[in-house]
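Reviewing the structure listed below.
What you are looking at is a predicted structure, and each value in this text was computed from that prediction instead of being measured. Residue numbers run from 1 in the order of the sequence given. All values below come from the heavy atoms of this structure, side chains included, with hydrogens, waters and symmetry mates left out.
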Amino acid sequence: MKITVIAPGKLKEKYWTMAIDEYSKRLSRYCKLELIQVADEKTTEGASPAEEEAVKTREGERILAKIPDGAYVIALAIEGKMLDSVGLSEKIEQLGLHGTSNIVFLIGGSLGLSSAVLKRADFKLSFSPMTFPHQMMRVILLEQIYRAYRILHHEPYHK
């Protein structure tokens with residue numbers, strides 16, 4: 001199975017990069033992982049709702065352009081369905097059993113995902129009703145994907 005994560009913006013802090021490198025290494029024994037960064041848009045302080053929507057639209061166009069044909073798309077969205085770690089592992093397993101060979105996870109920028117990106121998603125996944133920095137969300141997502149594979153392979157994982 002191939003897992004692709006698409007997110008806007010570059011990781012600036014070394015600690016995020018180190019964490020992502022660690023989970024990428026751990027995941028390499030379970031799946032082929034691809035991390036795609038698209039350019040993010042600067043948002044001015046006090047931007048109007050229309051300006052914010054324009055930012056999400058531009059980022060969304062970049063994200064949509066990177067989604068491979070035939071991929072199953074999971075958008076991370078506060079309004080999505082919450083799954084526990086076992087639930088995520090079951091979702092990944094079921095997709096594989098039904099012939100899905102590429103799962104794409106989408107992480108929004110500081111303003112979230114555009115309506116066009118959310119419309120393209122096959123599934124919307126919520127980690128929490130709270131908001132997390134998109135850099136941190138990459139690490140949290142990779143950790144949960146790693147945990148899902150550990151569960152699927154009946155290997156110990158931290159509860």
Value rounded to 0.5 Å, distance of [atom1] in [X] from [atom2] in [Y]:
{"X": "M18", "Y": "E13", "atom1": "CE", "atom2": "CD", "result": "13.0 Å"}
{"X": "E52", "Y": "L111", "atom1": "CD", "atom2": "CG", "result": "5.0 Å"}
{"X": "S115", "Y": "R120", "atom1": "OG", "atom2": "CZ", "result": "15.0 Å"}
{"X": "L142", "Y": "L33", "atom1": "CG", "atom2": "CG", "result": "6.0 Å"}
{"X": "Q144", "Y": "L83", "atom1": "CD", "atom2": "CG", "result": "10.0 Å"}
{"X": "F127", "Y": "L141", "atom1": "CZ", "atom2": "CG", "result": "5.0 Å"}

Inset, instruction - Evaluate the side chain to side chain contact (heavy atoms under 4.5 Å, CB included) criterion for residues V38 and K66: first the C-alpha distance (whole Å), next the side-chain angles of each, then the deciding distance (0.1 Å), finally the verdict. - result: CA-CA 8 Å; V38 298; K66 296 293 183 182; 3.8 Å; yes
Please check if any side-chain donor atom of [X] sits under 3.5 Å from a side-chain acceptor atom of [Y], or the reverse.
{"X": "Q37", "Y": "R138", "value": "yes"}
{"X": "T44", "Y": "E51", "value": "no"}
{"X": "K25", "Y": "Y146", "value": "no"}

Counting distance only, does the side-chain N/O of [X] pair as donor-acceptor with the main-chain N or O of [Y] below 3.5 Å?
{"X": "E59", "Y": "S114", "answer": "no"}
{"X": "T4", "Y": "V104", "answer": "no"}
{"X": "T100", "Y": "N102", "answer": "no"}
{"X": "S24", "Y": "I20", "answer": "yes"}
{"X": "D122", "Y": "V73", "answer": "yes"}

Smallest separation among heavy atoms of [X] and [Y], with atom names:
{"X": "S110", "Y": "T43", "answer": "OG-OG1, 4.3 Å"}
{"X": "L113", "Y": "G108", "answer": "CD2-CA, 3.4 Å"}
{"X": "C31", "Y": "I3", "answer": "SG-CG1, 3.7 Å"}
{"X": "S89", "Y": "A148", "answer": "CB-O, 3.4 Å"}
{"X": "D40", "Y": "P8", "answer": "CB-CB, 4.0 Å"}
{"X": "I63", "Y": "L106", "answer": "CG2-CD2, 3.7 Å"}

Quick check: is [Y] connected to [X] through a chain of hydrophobic side chains (ILVMFWY, heavy atoms under 4.5 Å apart)?
{"X": "V5", "Y": "I74", "result": "yes"}
{"X": "L118", "Y": "M137", "result": "no"}
{"X": "Y72", "Y": "L125", "result": "yes"}
{"X": "F105", "Y": "I36", "result": "no"}
{"X": "L88", "Y": "L97", "result": "no"}

Inset, instruction - Check the pair E79, K124 against salt bridge (charged side-chain N to carboxylate O under 4.0 Å, His left out), reporting the backbone distance first and the verdict last. - result: CA-CA 8 Å; E79 67 274 9; K124 294 175 193 75; over 6 Å; no
Inset, instruction - May I have the step-by-step check of salt bridge (charged side-chain N to carboxylate O under 4.0 Å, His left out) for E22 and R26, ending in yes or no? - result: CA-CA 6 Å; E22 178 62 27; R26 291 181 187 192; 2.9 Å; yes
Inset, instruction - Could you check whether the rings of Y30 and H153 sit parallel, tilted or perpendicular, using 30° and 60° as the cut-offs? - result: tilted
Inset, instruction - Tell me, with the steps shown, if R29 and E155 meet salt bridge (charged side-chain N to carboxylate O under 4.0 Å, His left out). - result: CA-CA 13 Å; R29 65 183 279 225; E155 297 170 351; 3.1 Å; yes
Legend entry - side chain to side chain contact (heavy atoms under 4.5 Å, CB included) evaluation trace for I92 with I103: CA-CA 8 Å; I92 291 171; I103 302 173; 4.2 Å; yes
Inset, instruction - Give the intermediate values and the outcome of salt bridge (charged side-chain N to carboxylate O under 4.0 Å, His left out) for residues E41 and R62. - result: CA-CA 11 Å; E41 290 285 322; R62 292 182 192 121; 2.5 Å; yes
Inset, instruction - Tell me, with the steps shown, if K2 and E34 meet side chain to side chain contact (heavy atoms under 4.5 Å, CB included). - result: CA-CA 8 Å; K2 181 176 181 184; E34 181 180 21; 2.9 Å; yes
Legend entry - More than 12 heavy atoms of other groups within 6.0 Å of K10 NZ: no
Legend entry - Lys/Arg cation over aromatic F123: K91, 6.0 Å, 45° cone: yes
Legend entry - Non-hydrogen side-chain atoms of W16 and V139 separated by less than 4.5 Å: yes
